[in-house]
Amino acid sequence: MSWLPIALVGVPLLGAVVATVPAVRDRAVAWGIAVSAGVLVLAVALAAAFEYARPADMQLQSDRPWIPGLGLRFHLGVDGVSLPLVVLTALLTFLCFVHLAGHPPEGGRPGALVVTLLVLEVGMIGTFLALDLLLFFVFFEVVLVPMYFVIALWGGARRRAAAVKFILYTLLGSAVLLIGLLVVWTQAGTLDMVALAGRHGSGMARSAQILAFLAIGLGLAVKTPMWPLHTWLPDAHTEAPTVGSVLLAGVLLKMGSYGFARIAIPVLPEGAAALAPWLGAFAVAGIAYGSLACLAQRDLKRMIAYSSVGHMGFVLLGFASLTPVGLNGALFANVAHGLITGLLFFLAGAVKERYGTADMVRLGGGMLRRLPYVASLLTFACVASLGLPGLAGFWGEMLALLGAFRPAAGLSRPLFLVFMAVGGLGTVLTAAYFLAMLSRVTHGRAVETVPLAGPLEPPEPDEPSGLYEPPGPVATAEGVREVLSEAGEAAEPVEPVAAGAAMAALDREGGVQETQETARPSAVADDGRAGATGAGALGAGAADAGQTGGQTGGQTGKARRPFRDVTAHELAAWLPLVALIVLFGLWPKALLAVTTPAVQSLLGSGVAP
């Protein structure tokens with residue numbers, strides 16, 4: 001079965017090449033679903049062939065010459081640390097393609113997006129399978145270019161600035177990472193990660209280990225991301241399309257944290273012990289900063305992005321403890337964060353698609369009444385993310401804090417107790433901002449008059465005007481129904497449309513008086529004739545929106561989908577994540593039994609107590 005790792009990398013690469021053929025390009029999304037489903041089947045087969053009696057051993061290895069002159073080998077394999085991440089990557093990629101089947105990319109060119117996502121999958125899975133340091137670096141870099149294009153071509157109005165910021169930060173981090181890997185190579189004389197981990201730093205001077213750990217840690221910290229190297233993340237998440245945000249949060253952030261578990265800590269134990277207090281300090285700073293930043297956000301996607309900074313802080317805190325408990329918590333939190341935050345970004349994309357905005361003030365509340373299924377799933381995902389016992393988000397954070405409570409020998413316990421206290425405060429703040437968001441968006445009474453959020457910034461000069469939504473109120477279902485009721489028309493069923501198109505239709509008939517303080521159109525006419533005419537225009541606009549996928553008639557409006565609750569494609573993409581969040585929350589041993597022996601092997605006798 002050693003061919004399975006090669007197939008996991010080769011199938012999506014071959015699928016990306018075939019997707020460029022014109023005959024396949026016309027059915028690109030269906031092809032992407034088929035290829036990603038095949039990769040998911042291979043990942044499940046890998047998990048089935050894995051011998052769980054010895055999860056600490058590297059299994060299903062494929063070791064072939066790559067560049068013989070430099071002693072480099074194409075070495076792939078899997079153990080208890082990498083196996084859950086390989087399956088998670090294959091699952092999230094498949095669910096993203098399922099989501100695309102019901103939500104074509106707003107920027108068009110679905111064939112190009114399918115090719116980009118399949119190449120992205122090659123880099124993500126290859127990173128978790130690579131057992132050669134240089135091969136790891138190659139796969140680590142492969143993901144940068146496709147993710148850049150995902151953001152730059154299919155993102156929001158400020159997508160290009162966000163994409164440039166993403167690529168600059170990650171490339172600079174990768175340059176520092178490469179320096180650290182070369183230091184290891186020159187000191188140890190090999191790039192084989194299995195051999196290096198087995199040595200546990202023997203043969204390498206302490207000063208060289210500290211230097212290498214500092215360089216490798218900085219490079220990985222950019223991708224994780226660790227405060228204060230996180231500033232690329234909120235912009236990238238806010239502007240990325242839904243599938244880009246899901247893969248960025250669910251997988252790409254895990255590549256950085258995986259590097260700590262696979263390379264930095266086991267290969268450089270003395271460097272890890274020397275710099276662990278600094279790693280813990282930056283980790284808890286990220287927890288506190290991310291939580292406080294979330295409390296100040298109005299954009300739903302941006303708030304979820306900042307929450308990732310806080311959650312990944314718990315992962316880094318677990319690594320900083322250098323204990324089996326802490327590392328287990330970090331690895332568990334990795335998987336849990338991928339599932340929960342992936343679901344959150346799916347739901348945030350659905351909310352933005354229906355309302356035309358992700359601004360929590362302009363959403364107006366009452367989503368549980370308007371969209372009961374979407375709002376219920378959003379509530380579930382938020383409760384899981386804040387760490388409710390019984391759901392997957394609880395165990396990783398709890399174990400990371402427990403690792404900080406009793407860190408490895410040689411680390412200052414009073415200092416790590418302070419870290420634990422700050423981390424505990426972060427869990428309280430996490431509950432605060434998620435509950436505040438739910439109170440503002442899903443619960444409460446839906447308001448019919450929402451103050452204008454203020455003017456939006458103009459688009460970049462090279463952006464097409466059709467992607468810019470002018471400032472203005474968002475039409476709510478209740479407001480549209482009231483207009484129709486006042487005009488004497490049937491109020492049900494009505495699909496809300498973009499505010500710009502709805503108000504323009506009424507205004508052309510003299511049926512709207514708009515002020516800066518009201519977001520609800522009102523039909524005004526002395527004899528009711530003008531109001532009835534305006535309502536008729538609005539009803540026609542709503543019907544057209546439902547037939548054409550929600551495109552508005554306004555010159556500057558953006559495409560809208562009908563204002564409806566969860567769809568079949570969305571349920572297919574979301575429910576597997578819900579099931580796994582519950583499964584790992586109720587049965588954490590399903591994951592911990594795989595990671596614990598592998599973690600003990602990676603730490604070795606010289607680091608863990």
Side-chain angles (χ1 to χ4, degrees), residues 55-58 78-86 88 128 193-194 196-198 200-201 209 213 216-217 220-221 224 226 253-284 286-287 311-338 392-411 413 416 419-420 423 584 588-609:
D57 298 338
M58 198 61 65
V78 66
D79 67 349
V81 173
S82 55
L83 178 63
L85 294 173
V86 172
L88 174 67
F128 299 131
M193 294 162 65
V194 178
L196 289 169
H200 295 295
Q209 289 195 38
F213 187 92
I216 293 173
L220 297 174
T224 300
M226 180 181 73
L253 303 189
K254 313 302 172 290
M255 292 167 57
S257 57
Y258 171 77
F260 280 99
R262 176 62 67 204
I263 301 173
I265 294 176
V267 175
L268 306 164
E270 291 188 57
L275 296 177
W278 292 98
L279 180 60
F282 284 115
V284 296
I287 293 172
H311 288 305
M312 296 308 292
F314 283 100
V315 174
L316 294 175
L317 179 61
F319 286 138
S321 71
L322 299 181
T323 62
V325 172
L327 263 69
N328 264 317
L331 296 175
F332 198 104
N334 251 350
V335 176
H337 180 265
F394 169 75
W395 296 104
E397 296 181 3
M398 188 271 291
L399 291 174
L401 293 175
L402 189 59
F405 177 73
R406 195 177 297 277
L411 298 180
R413 193 182 181 205
F416 272 81
F419 293 162
M420 185 192 71
F584 289 133
K589 186 179 178 180
L591 190 56
L592 293 175
V594 178
T595 60
T596 299
V599 162
Q600 292 171 342
S601 175
L602 288 176
L603 284 173
S605 58
V607 177

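Because the structure is a prediction, the values reported are computed rather than measured. Any value given below was found using the heavy atoms of this structure, including those in side chains, with hydrogens, waters and symmetry copies removed.
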So which heavy atom on [X] is nearest to which on [Y], and how close?
X: V267; Y: A197; result: CG2-N, 4.2 Å
X: N334; Y: Y258; result: ND2-N, 4.4 Å
X: M420; Y: A404; result: CB-CB, 4.1 Å
X: P597; Y: A56; result: O-CB, 3.4 Å
X: A320; Y: L411; result: O-CD1, 3.6 Å
X: F332; Y: P588; result: CE1-O, 3.7 Å

Do [X] and [Y] come within less than 4.5 Å of each other through their side chains, counting heavy atoms only?
X: P84; Y: L331; result: no
X: K254; Y: V315; result: no
X: L602; Y: I265; result: no

State the [atom1]-[atom2] distance between [X] and [Y], to the nearest 0.5 angstrom.
X: F282; Y: L316; atom1: CZ; atom2: CG; result: 11.0 Å
X: L317; Y: F416; atom1: CG; atom2: CZ; result: 7.0 Å
X: I216; Y: F260; atom1: CD1; atom2: CZ; result: 9.5 Å
X: W395; Y: F584; atom1: CH2; atom2: CZ; result: 13.5 Å
X: M58; Y: S82; atom1: CE; atom2: OG; result: 6.0 Å
X: M312; Y: I287; atom1: CE; atom2: CD1; result: 11.0 Å

Would you find a donor on one side and an acceptor on the other, under 3.5 Å apart, between the side chain of [X] and the backbone of [Y]?
X: T596; Y: A593; value: no
X: T224; Y: L220; value: yes
X: E270; Y: G201; value: no

> Between H337 and H311, how do the two ring planes meet: parallel, tilted or perpendicular, split at 30° and 60°?
Replying inline: tilted
>> Can you list everything that forms a side-chain hydrogen bond (donor to acceptor under 3.5 Å, both in side chains) with S321? Sequence neighbours excluded, please.
In response: T323
